[in-house]
Amino acid sequence: MRRSRILLYSILLLIPVAVGTAAYARAAADTPGPQKSTSGWTLPPDAADTKSPLTVDDKVLAVGKKVFTDKCQKCHGQKGLGDGPDADPDHAEEMNLTNPKRADRNSDGVVFYKVMNGRRSPKMPAFKDELSKEQVWSVVAYAQSLRKK
């Protein structure tokens, strides 16, 4: 009799725990998190829709060009063609920032997150610890200006 009462109380205590765990798991599955793509980028689900807080003008482009020259040119090349001295020849097409065909996949928000977070392979350093968000948005504006029209 005592065992059956203990078993009953145990079951009654475990039911709310099981229901709570299931609800938490369902909520976690419904919450969008960073998306890891097959190309090695980890981007938040809203990256493509993220807009720059900066108004692109000559001053922003000048800041972006300076950042690009200091941080990006050695791989992406002076004109963004992916032909810098440290460029990976196996990924030259991906490193070419001027290709208009890649514009749909590389909105300002996507480029911002790529510059901020980088990736391991093919190598792209993360600059979130070196550059301010404003500097990153400026270099995004400059890099996007290199794209062939």
Which donor-acceptor pairs under 3.5 Å do the side chains of residues 109-124 make with protein atoms, sequence neighbours left out?
{"unit_1": "Lys114", "atom_1": "NZ", "unit_2": "Asn106", "atom_2": "OD1", "d": "2.6"}
{"unit_1": "Asn117", "atom_1": "ND2", "unit_2": "Tyr113", "atom_2": "O", "d": "3.1"}
{"unit_1": "Arg119", "atom_1": "NE", "unit_2": "Pro122", "atom_2": "O", "d": "2.9"}
{"unit_1": "Arg119", "atom_1": "NH1", "unit_2": "Ser39", "atom_2": "O", "d": "2.5"}
{"unit_1": "Arg119", "atom_1": "NH1", "unit_2": "Glu94", "atom_2": "OE2", "d": "3.3"}
{"unit_1": "Arg119", "atom_1": "NH2", "unit_2": "Glu94", "atom_2": "OE2", "d": "2.6"}

Go through Thr55 and Val60 one step at a time and tell me if the side-chain contact (heavy atoms from CB on, under 4.5 Å) criterion holds. CA-CA 8 Å; Thr55 300; Val60 167; over 6 Å; no

Leu146 vs Lys79, test: side-chain contact (heavy atoms from CB on, under 4.5 Å). Steps then yes/no. CA-CA 7 Å; Leu146 298 174; Lys79 296 181 181 179; 5.6 Å; no

Euclidean distance, Asp46 CG relative to Lys51 NZ, rounded to 0.5 Å: 11.0 Å

Minimum heavy-atom distance between Ala87 and Gly82, given as atom pair plus value: CB-O, 3.3 Å

Is there any ring-ring contact (aromatic ring centres under 6.0 Å, His included) pair reaching into residues 55-85, and which pairs are they, with sequence neighbours excluded? Phe68-Tyr142

Are more than 12 heavy atoms from other residues, nucleotides or ligands located less than 6.0 Å from atom CG of Asp57? yes

Check step by step if side-chain contact (heavy atoms from CB on, under 4.5 Å) holds for Ser138 and Val67. CA-CA 8 Å; Ser138 296; Val67 172; 5.6 Å; no

For the student: nearest non-hydrogen atoms of Ala103 and Arg147, plus distance: CB-NH1, 3.4 Å

4.5 Å side-chain heavy-atom contact, Val140 and Ser52: no

Give a yes or no answer on whether the side chain of Thr98 reaches the backbone of Leu81 with a donor-acceptor pair at less than 3.5 Å. no

Inter-residue atom distance Asp83.CG - Met95.CE, 0.5 Å rounding: 9.0 Å

If a pair satisfies salt bridge (charged side-chain N to carboxylate O under 4.0 Å, His left out) and one of its residues is in residues 59-74, list it, with sequence neighbours excluded. Lys66-Asp70, Lys71-Glu130

Taking all atoms of both residues into account, what is the closest heavy-atom pair of Ala141 and Val56, and its distance? CB-CG2, 3.8 Å

Answer with yes or no whether the side chains of Glu93 and Asn99 bring together a donor and an acceptor at under 3.5 Å. no

